[in-house]
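Read the structure below first, then the notes.
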Amino acid sequence: MSEQFPNMDYDADEVINGFKERIKWPKPNEVQAVVKPDKLFLRLLISAIATIIAGGAIYYMMLPALNFKDDQMYIFVIALIIVFMAIFAFVCRANKRVERKEYVKRKSVIPIIIVAVILVVMGIGWLWGTTFFRAGAYSSLMTVESSDFSTDFESINYDTVPRIDEKRALVLADQQLGSLSEYKSQYVVSQSTTMINYNGSPVRVAYLEYADVFKWFNNTKEGLPAYMIIDLVTQKVTVVNCLEKFGKCIKYSPTELFNEKLVRHLRFQYPTELLDVPNFEISDDAKPYWITPVLDKTIGLFGGTDVKGIIITNALTGESEYHDIEAVRSDASLEWIDVVYGHNLILQQYNYYGKLQNGFWNSIIFQNDVNLASDGNGFIAMDDDVWVYTGVTSSESDSSNFGFILCNQRTKETRYYQNGGAIESAAQKSAKDAVQNYGYDTTFPILLDIEGKPTYFMSLYGTSNTVKGYALVNLEDKTIVGTGLADNLKSDVKALNAAVENYISAMQDKGMIGSNVNMNEYFADESEIDSAQTDGAQQTGPSGGETVTGVVASIKTSVNNGNTYYYFEIDGTYYYVSVSECMEALLINTGDTVTVTPSGTRNGQFAEAVSVSK
């Protein structure tokens, strides 16, 4: 071998074993003595400082409430103990010196005992809060009072109830955002909306989110510029530009990062409170706020979740104020707030009430007087509040309800109505069977009063997620169905009136009501409502049934629920059609002269088309 090159002959196993020897943990039988590390105070100080830094990072991410009723706080404390002992072992070089390892192991006894005590406390607190021991307390979380259906529902008009649900509202909001060039590439509509009673009308409000993290970097300095109001009756979408209207953008929201992230902003302001998911709401003057329910665990340590107050946060400035739940219920200045109790919490508490009134074992074995909320729920705007509606059925999940409840989302006032009949899913099936040749689906039913008869009201919609008509199904007899289709009648309001007329006629045929009913009392004013919808949505151009001929200025596409839609811009209006309903849309190019047949369903610049042809 040349002297210019060193001897490269070596044993790889020796190198690996030597590395393992340097980093391995000593075995207990190798310990000859336990030696206290020198400069122990300094090592402890270094470990404590490093733990504080690591703990701060963990807290910043976890955001536990400093509250004994928050299980995340216990997990946080356990994490701090583990981090401290790991850092202390490293600082003492326990992995390299046998006597140091044994010293750290012996000093770990006290932290292990502390962790064990924490786990025992959590276990006892959880066990004492289970329904097995505290069935009576759980059944008392909600107070339910019987009420009269005809009296309470008399003021609810079928032409003012929500005609679209959250899913359909989001489709309309997405379409509206797509028409706003200044927003569509930077923001998306949040998938979380809040139904509120806004100036006497049921609407859903939706805030915007940054499209991705790069869009956040590009826009976070100014904040979110707008939010959307979707009218659930007229289906009009209004974009509220916060900068123009209030002089500021939305600076605090769930879509922000770091300190402007809403939950982190609230945690720093209220470090000990148990916070529920914030709801986006607007006041009567359209200012955006976050309403965050403050929770309490009323049974044991972690059971019996209830609301004890709310935090109102100005979405523009981040200013917050706390109000006790009794103030929310009684203070007239807070009546604009609609959602304090989430529908999931309401249904959970009602199920405790229905199952556990006669004890835990009765709910499992005998099941006397045991009842549950049926699957699904709807929302009704009534008395300037939003109420959760759901049917009540037996624990065996019968195909029928023996009553239903309404619960006020602001006050938790709960009313029970002993009106039995078809379960909601059965009513939906009856409505779909009535229009089965069209393949329409239905929204979740809402109960109304027509001629003193509890009646399920549903909107019918197709693959395009737009309302195609309406259906009414009798609660007591699900075979009594009335439908009206917008495409056939070329008018949304005519379809609504047709559904009512057909439904009343069906009840008369079954002898359920007399033949002297004045149907005109139930009919909506077609000219008044059509005008309101047209003005509100800023509609232009022809209504359903009339054709439009023009040159295609641009073509856009989108995919909703697996269906591809083409949007053809003609004279400033986007006519959209599903490819599954009009294959000829694939053959049209920009600059082509086409003939469009609108369906009559419009929203701002968007109009649904029945067909598009060259």
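All of these numbers come straight from a predicted model, not from anything done at the bench.
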Ignoring hydrogens and angles, tell me if any N or O in the side chain of [X] forms a donor-acceptor pair with the backbone of [Y] under 3.5 Å.
{"X": "S459", "Y": "R163", "result": "yes"}
{"X": "N358", "Y": "N368", "result": "yes"}
{"X": "T143", "Y": "T414", "result": "no"}
{"X": "D433", "Y": "Q436", "result": "no"}
{"X": "Y198", "Y": "R204", "result": "no"}
{"X": "D449", "Y": "K453", "result": "yes"}
{"X": "R329", "Y": "T411", "result": "yes"}
{"X": "W387", "Y": "M382", "result": "yes"}
{"X": "Q176", "Y": "L172", "result": "no"}
{"X": "T298", "Y": "G304", "result": "yes"}

What pair of heavy atoms forms the shortest contact from [X] to [Y], and how long is it?
{"X": "L274", "Y": "D296", "result": "CD1-CA, 4.5 Å"}
{"X": "Y456", "Y": "I423", "result": "OH-C, 4.0 Å"}
{"X": "M142", "Y": "I346", "result": "CE-O, 3.6 Å"}
{"X": "I480", "Y": "A506", "result": "CG2-CB, 3.7 Å"}
{"X": "L127", "Y": "F133", "result": "O-CD1, 3.3 Å"}
{"X": "F404", "Y": "G391", "result": "CB-CA, 3.8 Å"}

Surrounding [atom1] of [X] (heavy atoms of other residues, nucleotides or ligands, distance under 6.0 Å), is the total greater than 12?
{"X": "K432", "atom1": "NZ", "answer": "yes"}
{"X": "K510", "atom1": "NZ", "answer": "yes"}
{"X": "E154", "atom1": "CD", "answer": "no"}
{"X": "K297", "atom1": "NZ", "answer": "yes"}
{"X": "K355", "atom1": "NZ", "answer": "no"}

Could you state the interatomic distance from [atom1] ([X]) to [atom2] ([Y]), rounded to the nearest 0.5 Å?
{"X": "N197", "Y": "E281", "atom1": "CG", "atom2": "CD", "answer": "10.5 Å"}
{"X": "E319", "Y": "T313", "atom1": "CD", "atom2": "OG1", "answer": "10.0 Å"}
{"X": "K429", "Y": "T442", "atom1": "NZ", "atom2": "OG1", "answer": "12.0 Å"}
{"X": "I513", "Y": "S505", "atom1": "CD1", "atom2": "OG", "answer": "8.0 Å"}
{"X": "Y207", "Y": "L262", "atom1": "OH", "atom2": "CG", "answer": "8.5 Å"}
{"X": "E321", "Y": "L334", "atom1": "CD", "atom2": "CG", "answer": "7.5 Å"}

Quick one: which of T193, L170, V239 gives a side-chain contact (heavy atoms from CB on, under 4.5 Å) with M228?
->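 Exactly one pass, corresponding to V239.
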
Pairwise side-chain contact, [X] with [Y], heavy-atom cut-off 4.5 Å (strictly under):
{"X": "Y352", "Y": "I299", "value": "no"}
{"X": "V388", "Y": "Q409", "value": "yes"}
{"X": "L275", "Y": "I311", "value": "yes"}
{"X": "L232", "Y": "I164", "value": "yes"}
{"X": "R264", "Y": "F268", "value": "yes"}
{"X": "Y341", "Y": "P293", "value": "no"}
{"X": "M122", "Y": "I118", "value": "yes"}
{"X": "Y59", "Y": "L66", "value": "yes"}

Next item on the list: Check step by step if side-chain contact (heavy atoms from CB on, under 4.5 Å) holds for Y438 and K468.
Entry: CA-CA 10 Å; Y438 294 94; K468 295 292 189 178; over 6 Å; no

Inset, instruction - Flag the pair E273 and K308 as a salt bridge only when some basic side-chain nitrogen lies within less than 4.0 angstrom of an acidic carboxylate oxygen. - result: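 Result for this pair is yes, salt bridge flagged.
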
Parallel, tilted or perpendicular: rings of H265 and Y252 (30°, 60°):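 Tilted: the ring planes of Y252 and H265 meet at 30° to 60°.
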
Classify the ring geometry of Y74 against F68: parallel below 30°, tilted from 30° to 60°, perpendicular beyond 60°.
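Rings of Y74 and F68: tilted, 30 to 60°.
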
For the residue pair [X] and [Y], confirm or rule out a side-chain donor-acceptor distance under 3.5 Å.
{"X": "Y470", "Y": "D492", "value": "yes"}
{"X": "D385", "Y": "N408", "value": "yes"}
{"X": "Y350", "Y": "N371", "value": "yes"}
{"X": "S147", "Y": "D152", "value": "yes"}
{"X": "S150", "Y": "D148", "value": "no"}
{"X": "T455", "Y": "Y503", "value": "yes"}

(message) Go through it in stages, so that I can follow the logic: the residues are M519 and V500, the test is side-chain contact (heavy atoms from CB on, under 4.5 Å), and I'd like the CA-CA distance, side-chain angles, deciding distance and then a yes or no.
(response) CA-CA 8 Å; M519 295 186 185; V500 175; over 6 Å; no

Q: Please report the C-alpha distance between Y416 and Y353 in whole Å, then the side-chain angles of each, then the deciding distance to 0.1 Å, and finally whether the side-chain contact (heavy atoms from CB on, under 4.5 Å) criterion is met.
A: CA-CA 12 Å; Y416 171 72; Y353 170 85; over 6 Å; no

- Message: What verdict does the side-chain contact (heavy atoms from CB on, under 4.5 Å) test give for T390 and S374, after you've listed the backbone C-alpha separation in whole Å, the side-chain angles of each residue and the deciding distance to 0.1 Å?
- Response: CA-CA 6 Å; T390 186; S374 58; 3.5 Å; yes

